[in-house]
Amino acid sequence: MSNTKNTQESQSSQKSQDSRNSDTSNDDRSAERRPSPMEVLRQARGQLAELTGMDAESVSSFEQTDQGWSLEVEVLELERVPDTMSLMASYEVELDPQGQLTGYRRVRRYERGRADARRPGGR
């Protein structure tokens, strides 16, 4: 009888351990699903280009927020000759924690060859 009790306790202990391991592996899988910063940058540029029809030239700011990610992306809006007269635009882009675009808006428009005197650092 003592042997049966030990077996039951052992099985119960094993189930408990399996449950903890399962919880841990689920946590690991959710951590694996979170994209790296470089993946987020690529996703943001691609999604913005798909929505606006304009290719992103650069990302001028990038930060992780409580809601996901926030970026400022520079795009070529109107190509002109010479290139320094081309019209550029900065878009504020918001993404969820998985890197899916949740919103964007144009925050400024400027000529490529001209610094913006209203903002520090020419931004």
Side-chain angles (χ1 to χ4, degrees):
M1 182 134 172
S2 163
N3 202 11
T4 303
K5 185 177 180 183
N6 286 343
T7 301
Q8 289 173 343
E9 287 175 359
S10 176
Q11 288 173 346
S12 175
S13 175
Q14 183 63 38
K15 285 180 186 177
S16 177
Q17 183 65 34
D18 289 345
S19 175
R20 283 192 299 272
N21 288 343
S22 175
D23 292 344
T24 302
S25 65
N26 285 339
D27 290 343
D28 291 344
R29 274 186 253 130
S30 65
E32 289 174 17
R33 282 193 302 260
R34 185 171 189 86
S36 72
M38 287 307 296
E39 290 170 329
V40 170
L41 289 171
R42 286 185 199 106
Q43 288 176 358
R45 291 176 67 153
Q47 291 174 73
L48 184 64
E50 189 174 338
L51 288 169
T52 63
M54 297 175 281
D55 289 331
E57 292 216 348
S58 65
V59 176
S60 56
S61 72
F62 174 76
E63 69 178 308
Q64 190 170 9
T65 66
D66 293 338
Q67 294 79 29
W69 305 89
S70 178
L71 298 84
E72 191 166 318
V73 180
E74 309 300 317
V75 301
L76 175 63
E77 282 204 338
L78 181 61
E79 192 168 8
R80 291 185 175 160
V81 176
D83 188 50
T84 56
M85 296 302 293
S86 294
L87 288 180
M88 303 292 294
S90 293
Y91 282 82
E92 186 178 278
V93 180
E94 303 294 327
L95 298 106
D96 67 15
Q98 286 73 41
Q100 296 302 306
L101 194 140
T102 59
Y104 72 93
R105 67 185 180 101
R106 184 172 65 193
V107 292
R108 72 185 178 106
R109 197 171 191 204
Y110 58 97
E111 290 178 341
R112 183 189 296 271
R114 188 175 300 228
D116 188 351
R118 293 172 293 157
R119 295 176 71 178
R123 285 189 21 169

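Nothing fancy with the numbering, it's 1 onward along the sequence. These figures come from a predicted structure and were not determined experimentally.
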Problem set entry | Under 3.5 Å: donor-acceptor pair, side chain of Ser58, backbone of Ser60 | no

For this session: May I ask you to decide if the ring planes of Phe62 and Trp69 are parallel, tilted or perpendicular, using 30° and 60° as cut-offs?
Result: parallel

Exercise. Leu48, Met38: one ILVMFWY side-chain cluster at the under-4.5 Å cut-off?
Worked result: yes

Problem set entry | Minimum side-chain heavy-atom gap Tyr104-Val73 below 4.5 Å | no

Seminar exercise, completed: Between Gln43 and Gln98, the two heavy atoms sitting closest are OE1-O, 3.3 Å

Exercise. Do the side chains of Val75 and Met85 join up, straight or via other hydrophobic residues, at under 4.5 Å, putting them in one cluster?
Worked result: no

Problem set entry | Residue pair Glu94 / Arg105, side-chain heavy-atom distance below 4.5 Å | no

For this session: State which residue, out of Glu57, Arg108, Glu111, Arg109, fulfils the side-chain contact (heavy atoms from CB on, under 4.5 Å) condition with Met88.
Result: Glu57

Exercise. With Tyr91, which of Glu74, Glu77, Arg106 fulfils side-chain hydrogen bond (donor to acceptor under 3.5 Å, both in side chains)?
Worked result: Glu77

Problem set entry | Residue pair Leu95 / Gln47: nearest heavy atoms and the distance that separates them | CD2-NE2, 4.1 Å

Problem set entry | Heavy-atom closest pair, residues Pro97 and Pro35 | O-CD, 3.5 Å

Problem set entry | Close side-chain approach of Arg45 and Leu71, heavy atoms under 4.5 Å | no

Exercise. Going hydrophobic residue to hydrophobic residue with side-chain gaps under 4.5 angstrom, can you get from Met54 over to Leu78?
Worked result: no

